[in-house]
Novice: 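Shown below is the structure under consideration.
A quick note: this is a predicted structure, and the numbers were derived from the prediction, not measured.
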Amino acid sequence: MQWASWSAFFNMGGYAFYVWFSFGLTALCVLWEVYALRQRSRDALHLAQLLAQD
Amino acid sequence: MHMNWFKYSSPQTFYPLAGKMIPWFFWAASLLCAVGLYVSFAIAPTDFQQGEAYRIIFVHVPAAWMSMFIYLVMAGWAAMGLALNARLSAMMAQALAPTGAMFTLLALVTGSLWGKPMWGTWWVWDARLTSELILLFLYLGFMALQSSIDDPRRADRAGALLALVGVVNVPIIYFSVKWWNTLHQGSTINMGVAPKMAATMLLGMLLMALAFWMYSVAVALMRVRCIMLERERSSDWVKALSIKGGK
Amino acid sequence: MNQTWLTLLRRDLLLALRRRSDIATTLFFFVIVSSLFPLGIGPEPAVLSSIAPGVLWVAALLAGMISLGRLFAADFADGSLEQMLLAPQPLAWLVSAKIFAHWLVCGLPVVLLAPLIGLQYALPNDALWVLVYSLLLGTPTLSLIGAIGAALTLGVRGSGLLVALLVLPLYIPTLIFGAGAVAASQHGMSAEAHLSLLAAVSLLSLVLAPLATAAALRISVE
Amino acid sequence: MNQTWLTLLRRDLLLALRRRSDIATTLFFFVIVSSLFPLGIGPEPAVLSSIAPGVLWVAALLAGMISLGRLFAADFADGSLEQMLLAPQPLAWLVSAKIFAHWLVCGLPVVLLAPLIGLQYALPNDALWVLVYSLLLGTPTLSLIGAIGAALTLGVRGSGLLVALLVLPLYIPTLIFGAGAVAASQHGMSAEAHLSLLAAVSLLSLVLAPLATAAALRISVE
Amino acid sequence: MLTAQGLACVRGDRLLFKDLGFVLEAGSLLYVLGENGSGKSSLLRMLCGLLMPGQGEILWAGKSIKSHAEQYLPNLKYLGHLNGLKDDLTALENLQMGARIAGQDVTAAAALAALTAIGIARCANLPVRVLSQGQKRRVALAALWLSRSPLWILDEPFAALDVAATEVLAARISEHLAAGGMTILTSHQDVPIKAKSTVSLSLSA
Amino acid sequence: MLTAQGLACVRGDRLLFKDLGFVLEAGSLLYVLGENGSGKSSLLRMLCGLLMPGQGEILWAGKSIKSHAEQYLPNLKYLGHLNGLKDDLTALENLQMGARIAGQDVTAAAALAALTAIGIARCANLPVRVLSQGQKRRVALAALWLSRSPLWILDEPFAALDVAATEVLAARISEHLAAGGMTILTSHQDVPIKAKSTVSLSLSA
Ligand code: HEM
Ligand SMILES: Nc1ncnc2c1ncn2[C@@H]1O[C@H](COP(=O)(O)OP(=O)(O)OP(=O)(O)O)[C@@H](O)[C@H]1O
Ligand SMILES: Nc1ncnc2c1ncn2[C@@H]1O[C@H](COP(=O)(O)OP(=O)(O)OP(=O)(O)O)[C@@H](O)[C@H]1O
Ligand SMILES: [Mg+2]
Ligand SMILES: [Mg+2]
């Protein structure tokens with residue numbers, strides 16, 4: 001383990017913004033994609049249900 | 001054998017099958033990601049030239065790899081869809097595109113975030129950066145074409161053809177951009193100069209790339225399920241499914 | 001009066017939202033066109049930054065122009081346009097709602113994205129801000145003037161090229177003042193004069209363009 | 001085989017002749033776009049001449065792209081396209097006649113006019129010649145690759161913008177080699193390498209594009 | 001009261017009709033007949049002010065509809081060959097927004113009631129894109145249940161409708177006429193509509 | 001001999017027909033009937049190879065028209081809803097160039113004779129743009145007088161034609177059938193055509 005402390009870890013040798021932004025953005029994109037797909041599948045099923053009642 | 005393939009390539013049977021596979025891929029992705037992150041942050045040593053900023057490669061490079069890999073896979077599915085007139089293949093191609101575009105965008109953004117501390121600028125018209133940007137355009141063209149054709153079968157086939165044309169062009173574009181860049185000798189910065197990587201760094205990148213790969217499969221399967229539902233919304237199996245609540 | 005206007009605006013925005021890829025296309029056209037120039041001209045940051053104002057503004061112009069096809073064509077094809085013509089409100093007023101929606105959907109994203117492309121062209125920070133201001137003042141003019149061209153070429157064969165011919169010459173003052181503002185700030189001068197001229201052109205077209213567009217629509221719908 | 005090909009070519013040229021304004025429009029678009037830059041960038045000859053290769057080539061690219069709408073759309077609308085699909089000759093072969101006609105009508109005039117615009121950009125004589133050669137070698141590729149995009153977007157909503165998105169990224173190698181050739185000769189280097197690469201891209205697209213276009217047409221006509 | 005005097009229509013280089021005139025009083029129905037291409041739609045568009053007459057004048061309450069458009073248009077409900085629906089909006093949204101753009105405030109409940117009246121309440125929340133031709137036409141026609149305009153101009157309203165919907169619509173038109181409204185109609189079918197007075201106007205190609 | 005087996009057609013998400021099959025022998029006529037939107041045009045385009053069947057196969061002389069297109073297409077003359085005429089060319093130019101593109105050499109005299117046969121020789125040198133709908137249709141149909149293909153596929157050929165032209169065309173089709181040709185036809189009118197054998201195929205919407 002090469003981090004003296006948690007704050008050193010979060011500081012990333014002064015590059016915190018760049019590193020955490022990169023990882024954070026990636027995480028955000030991934031989570032958003034999964035969420036959007038769940039929503040889309042729900043919508044599609046809902047529409048099918050409306051059509052089924054027709 | 002091929003009987004089986006045709007059986008599973010019908011949406012009705014593939015839909016539940018994909019549903020069963022998705023959690024496995026997600027678990028694999030999470031696990032690989034956890035280990036990969038541990039390696040990237042806890043084990044991989046600090047780079048003596050770039051300091052901690054280099055840790056961005058653990059998302060940047062896997063994302064860049066995936067962006068190219070997914071394009072190839074997409075073109076493969078597209079070719080198969082065209083050749084065999086298989087609906088599922090075309091749907092897979094369509095399902096992969098947004099994820100590929102997302103990774104391309106991530107590669108661009110994380111690359112910029114890396115470039116700022118390393119080069120002092122967010123962007124240079126370097127060959128690799130430029131061709132990554134063009135790859136993004138190719139993805140977007142594919143998606144835009146598919147979404148603006150209303151007839152799904154036609155959209156599939158038109159998209160597949162475009163993907164194939166793109167795949168022929170990707171190497172040409174890549175080499176032309178490279179050549180353009182070396183000729184103008186504009187940027188002295190070259191990504192090739194990155195120092196020889198330590199084995200642990202490589203391991204971290206590989207693990208993250210594998211995690212992204214598993215994630216891509218899971219997400220593509222989710223999306224293909226959505227596409228099936230939307231396309232076959234008036235078929236009996238989707239109606240039955242929707243009344244059961246989508247399980 | 002306001003209710004009809006707001007409804008039209010809301011409807012057009014809702015439609016754009018339901019077809020998100022349409023918004024993206026204009027934006028990416030802007031991005032692609034402005035990325036073509038470095039490929040043609042070469043990657044040296046100094047050269048690029050010196051031509052950036054002109055190039056970015058021309059790209060915005062072309063993106064604005066090429067998206068005009070969407071302004072009235074769909075309404076014309078599905079009959080909502082004739083319903084709009086029969087609404088009791090003054091047509092020019094309703095038209096302004098549609099133009100505003102078009103700007104929100106096609107112009108504003110370009111304004112917001114432009115600084116990012118400006119970064120790729122190694123524009124200094126101040127110039128980036130002026131770029132945003134100038135686009136903010138100038139792109140509405142593009143939508144306003146473009147609407148006249150779009151209305152005139154409704155239902156005409158090969159309308160894409162025709163609209164370009166009609167509209168591009170009218171865009172020239174906007175281009176000159178817009179690019180001039182950015183270039184001025186790049187050279188350490190004040191961009192105010194250019195920006196106020198740009199605002200003046202905007203105001204003028206804000207007053208006149210809806211009237212001209214309304215007249216053109218009446219002709220095209222016959 | 002040849003007779004059908006020649007008839008198609010003759011028919012398309014005859015049609016272009018009967019509608020001369022169509023030829024003029026592409027040309028004017030090229031002229032307008034390439035004249036926008038001096039307006040946006042400023043009149044210094046040194047700057048202009050250094051960006052001329054890129055700007056002229058991008059203008060040629062955009063003019064080529066914007067004229068694509070005419071390649072198949074009219075035939076699609078009036079039913080001649082389906083008759084062409086039912087001709088006993090290989091479709092790709094027939095398509096090549098149409099593409100050639102398109103190039104003669106939209107590409108060649110641009111090639112011929114380009115040196116004039118080049119003069120306005122203070123390009124030296126040698127570079128002007130290289131500009132003509134490079135356009136002569138490169139514009140056919142624009143028509144060829146563009147044909148694929150035009151065929152894919154036939155009858156599609158908002159096809160003008162879409163075709164731009166599809167086709168512009170594929171134009172990039174042509175742009176790079178074409179503008180590179182002119183820039184090389186401007187800097188006193190030999191343009192041969194660029195020109196031969198341009199020719200290679202042309203040849204490759206000459207072989208592949210008609211096939212892809214034919215496949216795309218079959219898909220679009222369904 | 002709508003009056004037309006000496007109307008003439010030229011399309012391309014063909015004269016479709018000339019010297020056409022009529023007076024339409026409250027409660028009466030005008031049937032415009034003629035073959036394909038005889039100029040029925042052109043006449044109706046003229047009466048809306050969408051098409052300028054080659055000659056002649058159209059008056060609403062004695063005033064030219066051209067120069068007094070603001071007074072005329074609130075009294076008019078026009079339905080052409082095209083439905084004027086947005087594919088990406090739902091039936092309900094289309095109906096409600098359409099009414100608002102025509103300057104009329106309509107609640108969701110009222111719009112739903114109109115859709116119910118013409119028998120497509122079930123499709124209220126579906127995007128119009130997925131509806132069949134006849135269903136789309138019904139959504140467009142549902143606006144007639146919301147309309148408070150005295151003058152209706154309907155171009156082939158029965159096209160693409162099945163028997164049930166045709167009856168419902170005919171009943172609605174009769175009701176409108178009974179309440180003192182006016183209707184101008186073209187149709188290739190023969191649909192019985194009750195009216196105080198019915199005038200037929202025949203255009204020959 | 002044209003054979004269709006187990007054809008199915010899906011447009012959008014609707015199944016228009018399935019399990020459709022027939023055999024068409026030399027000298028016989030196939031009438032395709034059905035309402036608007038029932039899939040007649042789609043079927044005809046399938047038989048030309050313009051539309052891929054969702055299922056099933058189409059054989060010409062026992063060989064798939066898909067894989068043996070070069071052998072099939074010279075035997076086929078198709079006329080769809082669209083006339084395939086160029087507005088800016090004259091009737092004569094259109095006819096002659098159309099035949100050449102279909103791989104057939106046709107002299108101006110022969111083309112003029114065809115135009116005479118269908119009664120629009122007078123319009124031969126006018127650009128098609130100025131012709132009326134029915135005249136345009138006749139120019140397109142004149143190609144049938146030049147055609148040497150045994151199989152004709154005609155989508156509503158009588159639409160927009162007046163009585164005289166309808167008779168001339170019906171006679172031409174009968175003659176073609178008598179000479180051992182085959183014809184597939186859709187029409188909303190009832191036009192008598194003499195044939196060795198006539199088959200009706202009814203599509204239901
Ligand atoms: C917007 C900026 C950037 C983009 C679009 C970008 C794009 C890419 C791409 C596409 C790859 C994969 C190429 C391959 O594996 O052959 C890659 C890998 C890589 N990039 Fe970047 N990059 C950017 C910025 C940077 C910066 C600033 C650096 C470091 C100074 C960098 C260092 C690397 C390294 C070391 C690799 C791995 C190379 C290898 O594994 O062969 N990149 N990048
Ligand atoms: N915009 C136009 N320009 C020129 N001519 C037109 C235009 N619109 C219609 N026409 C012509 O005017 C004539 C009358 O058209 P109109 O649509 O009024 O006929 P209609 O009686 O409504 O026919 P239908 O029963 O088919 O609806 C037709 O011959 C048509 O070709
Ligand atoms: N390109 C297409 N994409 C999706 N659906 C289509 C397409 N073309 C036609 N359809 C639909 O297929 C159905 C059949 O169309 P088709 O043109 O074959 O009917 P038809 O029997 O020829 O009708 P008509 O008598 O009006 O000519 C219609 O419901 C139509 O809306
Ligand atoms: Mg009509
Ligand atoms: Mg039909």
Novice: Pick whichever of C:L8, C:L14, C:L86 has the most heavy-atom pairs under 4.5 Å with chain E.
Specialist: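 Of the candidates given, the most pairs with chain E belong to C:L86.
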Novice: Select, from E:N94, E:L82, E:L85, the one with the greatest count of heavy-atom pairs under 4.5 Å involving chain C.
Specialist: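 That would be E:L82.
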Novice: E:M46 versus chain C, heavy atoms under 4.5 Å apart: side chain, backbone, both or neither?
Specialist: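 Contact with chain C: none, neither part.
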Novice: Does a side-chain heavy-atom distance below 4.5 Å link E:M52 with C:R218?
Specialist: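 E:M52 vs C:R218: side chains apart.
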Novice: Report yes if some heavy atom in the side chain of E:D87 is under 4.5 Å from a heavy atom in the side chain of C:D78; otherwise report no.
Specialist: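 They are not in contact (no side-chain heavy atoms under 4.5 Å apart), so the answer is no.
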Novice: Looking at every non-hydrogen atom in both residues, tell me the closest pair between C:S80 and E:K86 and how far apart they are.
Specialist: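 In this case the closest contact between C:S80 and E:K86 is OG-CE, 3.2 Å.
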Novice: So what's closer than 4.5 Å to chain E heavy atoms on C:A77: side chain, backbone, both or neither?
Specialist: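 The answer is the backbone of C:A77.
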Novice: Which heavy atom in E:L79 sits nearest to a heavy atom in C:Q83, and how many Å separate them?
Specialist: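 Minimum heavy-atom separation between E:L79 and C:Q83: CA-NE2, 4.4 Å.
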Novice: So for C:R18, is it side chain, backbone, both, or neither that comes closer than 4.5 Å to the heavy atoms of chain E?
Specialist: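 Answer is side chain: those atoms of C:R18 sit under 4.5 Å from chain E.
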Novice: Rounded to the nearest 0.5 Å, how far apart are CE of E:M97 and OG1 of C:T4?
Specialist: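 With rounding to 0.5 Å, CE (E:M97) is 12.5 Å from OG1 (C:T4).
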Novice: Measure the spacing between CG of C:L81 and CG of E:L50 and express it to the nearest 0.5 Å.
Specialist: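 C:L81 atom CG to E:L50 atom CG measures 9.5 Å (nearest 0.5 Å).
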Novice: Looking at C:A87, C:P88, C:A74, C:A97, which has the largest count of heavy-atom pairs under 4.5 Å with chain E?
Specialist: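 Top option by heavy-atom pairs under 4.5 Å: C:P88.
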Novice: Where on E:R45 is there a heavy atom nearer than 4.5 Å to chain C: the side chain, the backbone, both, or neither?
Specialist: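 Side chain of E:R45 only, per the 4.5 Å heavy-atom cut-off to chain C.
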Novice: Work out which heavy atom in E:R11 is nearest to a heavy atom in C:E222; give both atom names and the distance.
Specialist: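 Closest heavy-atom pair between E:R11 and C:E222: NH2-O, 2.8 Å.
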Novice: At their closest point, which heavy atom of E:I101 faces which heavy atom of C:Q89, and how far apart are they?
Specialist: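 Shortest heavy-atom separation between E:I101 and C:Q89 comes out as O-OE1, 4.1 Å.
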Novice: Which atoms of E:E93 come close to chain C, meaning under 4.5 Å heavy atom to heavy atom: side chain ones, backbone ones, both, or neither?
Specialist: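 For E:E93, the contact with chain C is made by the side chain alone.
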